[in-house]
Amino acid sequence: MGIDLREDIRAAVAKMTETIGGGRELRRLPDHLHHGERVDLIATGTHEDGLATGIVVLTNQRLLFLKDGVLFKRSEDFPLGRITSVQWSSGPMFGKITIFASGNRAVIDNVEKPDGLAICEAVRAHLAEPARPQDVVRPAATPELLELLAKLGELHQAGVLTDAEFTAKKAELLARL
């Protein structure tokens, strides 16, 4: 593939059986990655509605489906810590990845067999590992949450909230992270 790619993405592309249909997504993939996120495996496939081919990406933090077409865009991610199970099934030509995460189910179809199987095996290996605190990815605080915490602090300093009320409400807000 003649695109200039980040080293980890280039290494994952080199492992792919087929890259047809995912070039635009591969070019835009760095824009969808978090700071420090490393790409391990990539496969092409369609997500549930089957409208267009995109890529399914396994990183050190999540499983991501990305379709970045001219008329149709879709992005859905599954943090590895929230995936409870992954299922692989295959037909004569292609396979299907079914992801179960936080009570939801998603299907990525028309996946090249070796690529999809490798992703499923890697996710299963991750699921078999005991969780380590440093591997847990916590979302960043939203501006709204930071604003609420600041207002809460102001109310406490003004004497409107007792120490106990402040502590309880602060814990409730921080639990949203």
Side-chain angles (χ1 to χ4, degrees), residues 1-129 131 135-143 177:
M1 183 164 264
I3 342 173
D4 185 28
L5 298 173
R6 224 170 72 172
E7 182 57 39
D8 59 332
I9 297 172
R10 188 179 13 237
V13 168
K15 298 174 194 173
M16 292 175 70
T17 304
E18 184 61 62
T19 59
I20 293 176
R24 183 178 177 100
E25 288 77 17
L26 289 171
R27 284 190 302 276
R28 289 191 164 73
L29 180 57
D31 299 334
H32 294 272
L33 297 174
H34 302 305
H35 178 72
E37 191 169 17
R38 181 192 72 248
V39 174
D40 295 327
L41 295 168
I42 303 174
T44 57
T46 57
H47 189 298
E48 295 185 347
D49 47 35
L51 291 176
T53 300
I55 56 175
V56 57
V57 181
L58 177 64
T59 75
N60 60 323
Q61 298 178 11
R62 61 190 168 143
L63 193 58
L64 167 70
F65 178 81
L66 178 62
K67 172 60 191 163
D68 196 341
V70 176
L71 300 174
F72 179 74
K73 297 181 186 309
R74 182 174 191 161
S75 172
E76 187 169 0
D77 67 339
F78 308 91
L80 291 176
R82 297 218 172 137
I83 294 176
T84 55
S85 178
V86 65
Q87 183 180 61
W88 171 253
S89 55
S90 64
M93 301 219 12
F94 298 101
K96 175 171 56 175
I97 299 171
T98 306
I99 305 150
F100 300 91
S102 301
N104 295 318
R105 177 182 160 275
V107 176
I108 301 168
D109 211 347
N110 300 313
V111 179
E112 291 286 336
K113 289 182 186 182
D115 301 339
L117 187 57
I119 287 174
C120 287
E121 287 175 352
V123 171
R124 286 184 188 121
H126 175 79
L127 292 174
E129 294 175 4
D135 289 342
V136 176
V137 178
R138 299 203 186 279
T142 63
L177 289 179

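The shortest side-chain heavy-atom distance between Met16 and Thr44 falls under the 4.5 Å cut-off.
By the side chain to side chain donor-acceptor pair (under 3.5 Å) test, Asp109 is found to be paired with no residue, residues two or more places apart in sequence or in another chain being considered. Residues passing the side chain to side chain donor-acceptor pair (under 3.5 Å) test with Asp40, sequence neighbours excluded: Arg38. Remark: Phe65 engages His47 in a ring-ring contact (aromatic ring centres under 6.0 Å, His included) (not counting sequence neighbours).
Checking side-chain atoms of Lys96 against main-chain N and O of Gly116 turns up no donor-acceptor pair under 3.5 Å. In this structure, the side chain of Glu25 does not engage the main chain of Lys67 through any donor-acceptor pair within 3.5 Å.
Using a cutoff of 4.0 Å between basic side-chain nitrogens and carboxylate oxygens, Glu121 and Arg124 are not scored as salt-bridged.
Ile55 contributes atom CD1, which lies 8.0 Å from atom CD1 of Ile9 (distance to the nearest 0.5 angstrom). Put simply, CD1 on Ile99 and CZ on Arg82 are 15.0 Å apart, with the number rounded to the nearest 0.5 Å. If you take CG on Asn104 and CD1 on Ile83, they are separated by 12.0 Å, rounding to the nearest 0.5 Å. The distance from atom CZ of Phe78 to atom OG1 of Thr84, rounded to the nearest 0.5 Å, is 11.0 Å. We find the OG1-CG distance between Thr59 and Leu33 to be 7.0 Å, quoted to the nearest 0.5 Å. Of the inter-residue distances, the one linking Leu41 atom CG with Ile119 atom CD1 reads 5.5 Å to the nearest 0.5 angstrom.
Minimum heavy-atom separation, Pro79 to Arg62: CA-CB, 3.7 Å.
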Tell me, with the steps shown, if Phe94 and Lys113 meet side-chain contact (heavy atoms from CB on, under 4.5 Å). CA-CA 6 Å; Phe94 298 101; Lys113 289 182 186 182; 5.8 Å; no

Report the C-alpha distance between Ile97 and Trp88 in whole Å, list the side-chain angles of each, state the deciding distance to 0.1 Å, and finish with yes or no for side-chain contact (heavy atoms from CB on, under 4.5 Å). CA-CA 5 Å; Ile97 299 171; Trp88 171 253; 3.8 Å; yes

As a quick check of understanding, evaluate side-chain contact (heavy atoms from CB on, under 4.5 Å) for Leu80 and Gln61, giving each step before the final call. CA-CA 6 Å; Leu80 291 176; Gln61 298 178 11; 5.7 Å; no

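Partner of Val39 under the side chain to side chain contact (heavy atoms under 4.5 Å, CB included) criterion, chosen from Leu64, Leu58, Val57: Val57.
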